[in-house]
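Both ligands and their constituent atoms are indexed starting at 1 by order of listing. What you see is a predicted model; the values in this text were computed from it and never measured. In what follows, residues are counted from 1 in the order of the sequence shown.
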Amino acid sequence: MTLLPIHRAGNDFAPAIARAAAVLRGGGLVAFPTETVYGLGADATNARAVARLFEVKERPHFDPLIVHLGAANWLERCVTDAPPEARRLAERFWPGPLTLVLPKRETIPDLVTSGLPTVAVRVPSHPVAHALIGALDRPLAAPSANRFGRLSPTTAQAVAEDLGERIELVLDAGPTTHGIESTIVAFGDQGPRLLRPGPITPEQLRDCLGCDVPVVGKASPTPEAPGMLERHYAPRTPLRLLEGAPPAETRRVACLAFRAAPAGAFAAVEVLSPSGDLREAAANLFAALRRLDMAGAEWIVAEPVPENGLGVAIMDRLRRAAERTA
Ligand code: TXA
Ligand code: MG
């Protein structure tokens with residue numbers, strides 16, 4: 001695996017992009033930064049490349065991928081139809097951390113969508129992602145660049161630790177901005193539904209559409225977001241949400257705190273945002289969890305964050321991690 005550093009400030013990163021696009025065109029895999037987390041890219045129109053992507057991630061075939069586009073006007077290449085609400089959201093939030101699930105065209109192999117009649121698409125805003133997709137000039141299938149069930153990577157180093165020699169190339173442009181995966185919205189007979197909370201908050205969706213976008217709960221019998229029902233985003237150390245007072249015995253416990261470390265001699269502590277800024281907390285979340293996971297503690301205790309704005313997405317990830325490791 002080659003780690004190619006990209007210095008965004010004033011530096012010409014065209015040669016690195018050209019090399020990465022050539023790898024993708026040849027059916028290879030390239031990890032690259034987006035504004036949310038690092039993605040592992042494969043040419044979405046090449047079923048063999050996509051098959052390798054599933055293999056490298058050890059991802060089950062029932063968990064469909066997100067397809068990344070160069071611009072909103074690429075939609076026609078991948079989807080047959082987009083309702084007015086989808087177009088309104090795309091106009092407002094693309095390029096950016098919003099994924100829309102829409103009826104797929106046959107140009108997208110069934111492997112990408114796990115056989116579903118719909119495809120998840122988004123236009124990333126990260127300049128490196130944007131340049132890479134532009135150079136490839138094809139839709140780019142890219143899940144988060146981690147092994148299945150692990151934490152999404154927010155740095156190139158995290159990608160290298162998780163996938164290392166299994167992939168050809170990692171484009172390293174430093175830590176990602178949002179730190180959590182994109183918001184996913186699907187459209188059905190009852191209108192838009194929120195499949196995964198993310199950087200575009202429920203409040204922002206409501207402001208744009210003029211109505212609440214209901215959350216698809218786990219109670220729903222047919223999984224509408226297949227990967228959602230898999231408990232994702234988990235460290236290896238068991239994680240519990242802190243309810244009430246911190247545990248009495250803390251020496252073998254690692255603590256994920258929101259604004260300030262609670263009292264106690266914890267094995268390790270990470271504070272997500274001393275100023276209580278949910279944006280900062282989201283950006284730090286996965287890297288902090290990775291560090292706590294390495295602290296050799298028996299378990300991790302996570303302090304809840306306020307559940308508004310970005311806090312909805314942060315609590316979604318923490319609850320999933322807690323379920324998976326319970
Ligand atoms: O921010 C992100 O979205 C990152 C970056 C790399 O773009 N990507 C990402 O991909 O988080 P991934 O593979 O980790 O999550 C994809 C999830 C699936 O697990 C599933 O929940 C949902 O997207 N999804 C994909 N296609 C779908 C479809 N046709 N219907 C419903 N849900 C779908
Ligand atoms: Mg993922």
(message) Using a 4.0 Å cut-off to any heavy atom of L116, which atoms of ligand 1 qualify?
(response) 28 (C), 29 (N), 30 (N)
(message) So, regarding T113 and ligand 1 (criterion: nitrogen or oxygen to nitrogen or oxygen, under 3.5 Å), is there a contact or not?
(response) no
(request) Answer yes when R52 and E168 have at least one side-chain N-carboxylate O distance shorter than 4.0 Å, and no when they do not. (result) yes
(message) Please report whether ligand 1 has a polar contact with T99, defined as an N or O pair separated by less than 3.5 Å (distance criterion only).
(response) no
(message) Regarding atom 16 (C) of ligand 1: of the candidates T36, T34, N146, I66, which has the closest heavy atom?
(response) I66
(request) Please indicate whether any nitrogen or oxygen in H68 is less than 3.5 Å from any nitrogen or oxygen in ligand 1. (result) yes
(request) Look at S144 and state whether any of its N, O or S atoms is less than 2.8 Å from the Mg ion (ligand 2). (result) yes
(request) Check L65 against ligand 1 and report side chain, backbone, both or neither, counting heavy atoms closer than 4.0 Å. (result) backbone
(message) Is it the case that over 12 heavy atoms from other parts of the model lie below 6.0 angstrom from the CZ atom of R105?
(response) yes
(request) Examine ligand 1 and decide if any of its atoms is less than 4.0 Å from a heavy atom belonging to I184. (result) yes
(request) Go through ligand 1 atom by atom and flag the ones less than 4.0 Å from a non-hydrogen atom of V101. (result) 28 (C), 29 (N), 30 (N)
(request) Inspect the contact between R290 and E270 and indicate whether a charged nitrogen and a carboxylate oxygen are less than 4.0 angstrom apart. (result) no
(message) I'd like to know whether CZ of R147 has more than 12 heavy-atom contacts from other residues, nucleotides or ligands below 6.0 angstrom.
(response) yes
(message) Between ligand 1 and Y38, is the shortest N or O to N or O distance under 3.5 Å?
(response) no
(request) Provide the closest heavy-atom pair for F258 versus P304 in the form atom of the first, atom of the second, distance. (result) CB-O, 4.4 Å
(request) For A120, counting its heavy atoms only, list the atoms of ligand 1 lying under 4.0 Å from any of them. (result) 25 (C), 26 (N), 27 (C)
(message) Taking R317 first and then E181, would you say they form a salt bridge - that is, a charged N and a carboxylate O separated by under 4.0 Å?
(response) yes
(request) Test L111 against every option in N46, L53, V50 by the side chain to side chain contact (heavy atoms under 4.5 Å, CB included) rule and name the one that passes. (result) V50
(request) Assess K104 for proximity to ligand 1: is some non-hydrogen atom of it under 4.0 Å away? (result) no
(message) Within ligand 1, which atoms have a heavy atom of R196 less than 4.0 Å away?
(response) 2 (C), 3 (O), 9 (C), 11 (O), 15 (O)
(request) Using modelled atom types only, decide if a donor and an acceptor are shared between the side chain of K104 and the backbone of T80 within a distance under 3.5 Å. (result) no
(request) Output yes when a side-chain donor or acceptor of R206 lies under 3.5 Å from a complementary backbone atom of T201, and no otherwise. (result) no
(request) Say whether R59 and ligand 1 are in contact under the criterion: heavy-atom distance to a ligand atom below 4.0 Å. (result) yes
(request) Any atoms of ligand 1 less than 4.0 Å from a non-hydrogen atom of L195? List them with their elements. (result) 31 (C), 32 (N)
(message) Salt bridge or not between E58 and R150? Use side-chain N to carboxylate O under 4.0 Å.
(response) no
